[in-house]
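The structure presented is a predicted model; accordingly, all values stated were derived computationally and were not measured. Per chain, numbering begins at 1; letters A, B, ... match sequence-line order.
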Amino acid sequence: EAAVTQSPRSKVAVTGGKVTLSCHQTNNHDYMYWYRQDTGHGLRLIHYSYVADSTEKGDIPDGYKASRPSQENFSLILELASLSQTAVYFCASSDTGGGQDTQYFGPGTRLLVL
Amino acid sequence: GDSVTQTEGQVALSEEDFLTIHCNYSASGYPTLFWYVQYPGEGPQLLFRASRDKEKGSSRGFEATYDKGTTSFHLRKASVQESDSAVYYCALRNTGYQNFYFGKGTSLTVIP
């Protein structure tokens with residue numbers, strides 16, 4: 001069974017502070033993704049990566065950085081957290097080779113910025 | 001660009017009612033279409049997918065048929081149960097691209 005874990009599961013941050021969300025997958029997948037979930041907006045892609053040491057911008061990258069130090073790990077970094085970044089964040093992995101293009105999601109991180 | 005539209009934001013049904021959640025997409029070529037389900041406190045998980053015209057995906061009594069003519073992938077279930085209460089997302093991935101596009105989600109509440 002595919003496995004994606006996220007830490008922390010919840011976090012309270014102060015405006016202007018730095019926040020790092022971590023994601024770890026044991027699926028041996030090449031692709032990893034960061035989404036944010038907001039009521040009324042569904043899931044929106046922030047950053048993704050298809051290989052270690054490389055990241056790509058998604059649809060809403062402003063205010064976020066990403067880091068992929070290894071195939072298994074993918075971090076989302078908020079250098080200067082803002083109130084508008086309060087949301088639930090999901091990490092996902094997928095292996096698009098051979099038509100197996102299902103995304104496997106982690107349990108999410110609930111971030112509250114005060 | 002590619003996009004997915006789910007018409008219903010919230011749906012409330014009684015047990016054994018028939019469910020339809022509408023999903024329409026905009027994409028060039030032949031995208032793969034997905035339905036994901038998200039239970040409270042969890043991440044979304046794949047319900048099923050379809051990758052060619054007229055292909056029917058199904059799982060746990062839910063089904064949807066890929067219709068390229070109407071660019072639709074509507075989710076249906078004949079008789080819902082309380083345990084089906086969840087958020088349902090329609091999504092697509094276009095051929096040759098690695099991004100997945102999700103609809104805004106439909107929150108289903110089934111009243112016992």
Side-chain angles (χ1 to χ4, degrees), chain A residues 1-7 9-10 21 23-25 27 29-51 54-61 68 87-110, chain B residues 1-10 21-27 29-52 55 57 59 66 75 86-109:
Chain A
E1 181 70 23
V4 178
T5 55
Q6 295 181 231
S7 62
R9 291 295 313 277
S10 66
L21 306 182
C23 178
H24 179 79
Q25 56 111 349
N27 306 326
H29 287 166
D30 290 330
Y31 289 83
M32 296 187 74
Y33 308 79
W34 276 107
Y35 292 89
R36 67 176 281 173
Q37 183 180 54
D38 302 275
T39 302
H41 289 281
L43 292 162
R44 294 182 290 174
L45 181 65
I46 306 170
H47 285 287
Y48 67 99
S49 168
Y50 55 86
V51 67
S54 178
T55 64
E56 304 292 334
K57 293 180 179 179
D59 298 322
I60 55 164
R68 182 94 181 267
V88 180
Y89 292 84
F90 288 98
C91 177
S93 73
S94 74
D95 181 0
T96 58
Q100 299 301 315
D101 53 0
T102 299
Q103 283 192 315
Y104 294 89
F105 285 83
T109 294
R110 188 172 297 274
Chain B
D2 297 346
S3 65
V4 175
T5 301
Q6 289 180 238
T7 308
E8 298 88 357
Q10 295 186 26
I21 299 176
H22 295 93
C23 172
N24 288 91
Y25 69 90
S26 175
Y30 263 102
T32 298
L33 304 176
F34 306 81
W35 275 103
Y36 280 82
V37 58
Q38 182 181 20
Y39 298 104
E42 300 181 8
Q45 56 184 271
L46 180 70
L47 196 53
F48 54 80
R49 65 173 180 259
S51 57
R52 59 185 182 275
E55 179 179 358
S59 175
Y66 191 135
L75 181 68
V87 178
Y88 293 82
Y89 287 99
C90 184
L92 72 80
R93 185 183 75 81
N94 211 342
T95 306
Y97 295 90
Q98 305 312 327
N99 286 10
F100 290 72
Y101 293 91
F102 286 80
K104 294 184 177 181
T106 298
S107 177
L108 171 65
T109 301

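- Residues forming a side-chain hydrogen bond (donor to acceptor under 3.5 Å, both in side chains) with B:Gln38 (at least two apart in sequence, or on another chain): A:Gln37.
- Taking OH of B:Tyr36 as the start and CD of A:Gln103 as the end, the distance is 5.0 Å to the nearest 0.5 Å.
- For B:Phe100 and A:Tyr35, the ring centers sit 6.0 Å or farther from each other.
- Heavy-atom pairs under 4.5 Å with chain B peak, among A:Tyr50, A:Phe105, A:Phe90, at A:Phe105.
- A 6.0 Å sphere centred on CZ of A:Arg44 holds more than 12 heavy atoms belonging to other residues, nucleotides or ligands.
- Of all non-hydrogen atoms in A:Asp59 and B:Tyr101, the two that sit nearest each other are OD2-CE2, 3.7 Å.
- Atoms CZ and CG, from B:Phe102 and A:Leu45 in turn, are 9.0 Å apart once rounded to the nearest 0.5 Å.
- The side-chain contact (heavy atoms from CB on, under 4.5 Å) search around B:Thr106 returns B:Gln6, B:Glu8, B:Val11, B:Ile21, not counting sequence neighbours.
- Contacts between A:Arg9 and chain B at a heavy-atom distance below 4.5 Å involve the side chain alone, from C-beta outward.
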